[in-house]
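Read the structure below first, then the notes.
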There are 2 protein chains.
Amino acid sequence: MTSAGFGKPDDKRRRTIRDVAAHAGVSVASVSRVLSGKYSVGADTRSRVLRAVQELDFVVNAHARALTSEQPGMIALVVHAVTASFLANVAQAVEQQAAAEGHLCLVCTTQGRPDREVAVVNLMREQGARAVLLVGGVVETEDYPARMRQVAHALDAAGSRLVFCGRPAPAPDLPAAVVTYDNEGGAYAMTSFLVSAGHRSILFLGGDEGHTTADERIAGYRRALNDWAIPFDPALVQPGPFTRTFGYQRVKALLGKERTFTAVFAANDLVAAGVLRACREAGVAVPDDLSVVGYDDLPQAADFVPSLTTVRIPHDELGRAAVRAALHPEDPVDDHVLGTHVVVRDSVRPPRR
Amino acid sequence: MTSAGFGKPDDKRRRTIRDVAAHAGVSVASVSRVLSGKYSVGADTRSRVLRAVQELDFVVNAHARALTSEQPGMIALVVHAVTASFLANVAQAVEQQAAAEGHLCLVCTTQGRPDREVAVVNLMREQGARAVLLVGGVVETEDYPARMRQVAHALDAAGSRLVFCGRPAPAPDLPAAVVTYDNEGGAYAMTSFLVSAGHRSILFLGGDEGHTTADERIAGYRRALNDWAIPFDPALVQPGPFTRTFGYQRVKALLGKERTFTAVFAANDLVAAGVLRACREAGVAVPDDLSVVGYDDLPQAADFVPSLTTVRIPHDELGRAAVRAALHPEDPVDDHVLGTHVVVRDSVRPPRR
DNA sequence: ATGAAAGCGCTAACAG
DNA sequence: CTGTTAGCGCTTTCAT
């Protein structure tokens, strides 16, 4: 390997504002003023400082700066995993909006371990993060609300903003903002869509039990059923991980027996991908023999075979809105729960009679 | 207690180590010692400090700490976009490894704008990042090597490590580490695989011109052709963006005319997805009428129809190795260029004769 | 317009 | 083992 260049005879000590001042023949105060740009400085002094900065290739020490002045601070993004397409999309939007507003973006992953979430939040307190965004649904364990209450107050006491993004507030009156999208409404719309296509027996598949996102989607599904006067069959809701594997295995098993449902509402597109594959292997034609829909509208959903009818979530808007809510708490907002809508493709057809 | 005059319950000022010391009735040094854990402290003192920390819900100021002691520092990850599946996977691995070694992970995106790359690196210098990882290929513009040389030296002077990850070093003897995977070898193996299946006319599709990754893959393709004594036809290499859309549109156009090739080697799986869709729409059966392969082995590649034969890149190993190279420069490493291999699925068949 | 100097919150000698 | 104190690099009064 090329460790060759590392041992430069150069003094590794970072240059300080003092070095610059000496080099330019001015005081440290002047250098600071030039660098911050918000004070009037003589033209001569300014140019000498600038030249010295150039020649010494100086950059300020962000830590020292943070210690004295009110700093921009970073935006911390806490997600389950960056590899989850939905989260990556939100992260992308957050990152862009944060950059646009002059903030750095720290991404932390929890791997779904709840304890990591509070550990990460404490880390952010240490860093003096300007805001912490908790993105994506969670499994609401018993102690979750209490833990969040504590976290919210700790952050608030440190002058940081907490934002729940794509996740409901665990309790009312928390010092935190909430920016979500209409999970329940999207599921309602999708279920209605299936019903109007003639389906009466719809399997809802996937979504961890107690997971906020899953719960909301199931709630929408049930409300639609209710509104259409279709009796709810508990056996038709089969919770499970939000994974391709779960969708595949569960449907594979179900396809073995006598099948009662004519459509599958997968909890998300990943689950739907598994369902489609299971159908293909079992020789069940989609949508002719079985209709399948998903939720999220991942980029690849359009490429599924058949292309997937699913619910679109406005990732970009979500990410941007979350950053704005974090940075401009006082701003009036049009809507804190963003709309979702059904994207119709080729995976639904009226059931065979 | 502190701030007698300002006893407001909602005093937003962050608590300091001094508050803790006062509350515990010990000196600030003792508090610092207990917190850092690396000094011997009396049991009584320790417990009093710990209790005070609890009661005050205190967390240290990471900036102040960074100013005095040799700190862990963060690992900065610079990528084109987090939404690119390959980059997200590497980011995931980096994040995990960094966390395991006690480092925070900052993710910055460049949106492919080269100027953003150097801006971001300067930001990292200000933050005193422990390491900066430049992940993924780039289009090597004319001034790219010079810019990287400057960046590398600036980072080196600040005591940070620069790591090129999944990208070759722009010049030799740079104070930076390189951790890559065998792009050329993977393409060679894949091309050989197609040739042994009987293909003699293979279209290489996609990959921006001048992009390091694309160049390496094309090099492997050409070397294989050469080794099999198959004349190289320049018309059979069609560069373009690494996108689904490009694969789709280009193949759509090509399928209109008389077709000479019997197989398509897509520059990556995204391009392959576009190719498959174009084929489906044009009624060209894959793999019966045309073989299609990709590169990357995205999670969804197994779900393509037909499932895609592609080249697997060891994302996880790549991310972990990059972090290790950054954090332990002196460690001996088995290999700085990780192996790739062909994953055989259902999208290749001997050409019709 | 510029310089001197007092901290920001913390750690690390250095005494005791 | 514990307390005192001198900075880390920078910003910001306060003088000049």
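Just so it is clear: chains get the letters A, B, ... in the order the sequence lines come, proteins before strands, and each one is counted from 1. As the structure is a computational prediction, the values presented were derived from the model and not from experiment.
Nucleotides of DNA chain D that come within less than 4.0 Å of any heavy atom of chain A span, from the 5' end to the 3' end, D/dC8 to D/dT13.
One finds a side-chain N or O of B/Tyr39 lying less than 4.0 angstrom from the OP1 or OP2 phosphate oxygen of C/dA12.
In this entry the distance linking CZ of A/Arg33 with P of C/dA1 reads 10 Å, nearest Å. The nearest whole Å value for the distance from the CZ atom in B/Arg65 to the C1' atom in C/dC8 is 16 Å. The CG atom of B/Leu67 sits 17 Å away from the P atom of C/dG7 (whole-angstrom rounding). Summarising the geometry, the separation between CD on A/Gln127 and C1' on C/dC10 is reported as 14 Å, rounded to the nearest angstrom. Per the geometry, CG belonging to B/Asn61 stands 6 Å off C1' belonging to C/dG9, to the nearest Å. Whole-Å rounding puts the A/Ile17 CD1 to C/dA5 P distance at 17 Å. Residue B/Arg15 contributes atom CZ, which lies 17 Å from atom C1' of C/dC10 at whole-angstrom precision. Atoms NE2 (B/His63) and P (C/dC10) sit 12 Å apart, rounded to a whole Å.
For the residue pair A/His328 / A/Glu101, a side-chain donor-acceptor distance below 3.5 Å is found, with atom types taken as modelled.
The residues A/Asp19 and A/Arg14 are annotated as not salt-bridged, no charged nitrogen and carboxylate oxygen being separated by less than 4.0 angstrom. A salt bridge is absent between A/Arg48 and A/Glu55; no separation between the charged side-chain nitrogens and carboxylate oxygens falls under 4.0 Å. Look at B/Glu117 and B/Arg167 and you find a salt bridge, because one of the NZ, NE, NH1 or NH2 atoms lies within 4.0 Å of a carboxylate O, short of that distance.
Comparing B/Ala29 and B/Thr68 by the nucleotide of DNA chain D whose heavy atom lies nearest to each, the residue mapping closer to the 5' end is B/Ala29. Nearer to the 5' terminus of DNA chain D, by closest-nucleotide assignment, is the contact made by B/Ala43 (compared with the other of B/Ala43 and B/Ala64).
Sparse packing is recorded around CG of A/Asp173, with 12 or fewer heavy atoms of other residues, nucleotides or ligands lying under 6.0 Å away.
Distance check, rounded to the nearest 0.5 Å: CG of B/Leu106 to SG of A/Cys105 gives 8.0 Å.
If you check every strand for non-hydrogen atoms under 4.0 Å, A/Val60 touches sugar and phosphate atoms only. Among the protein residues, B/Thr45 comes within range of the sugar-phosphate backbone only, with heavy atoms under 4.0 Å from sugar or phosphate atoms but none that close to a base. At a threshold of 4.0 angstrom between heavy atoms, the contacts of A/Ser32 include nucleobase atoms, whether or not backbone atoms are also involved.
In this structure, the side chain of B/Arg161 engages the main chain of B/Ala325 through a donor-acceptor pair within 3.5 Å.
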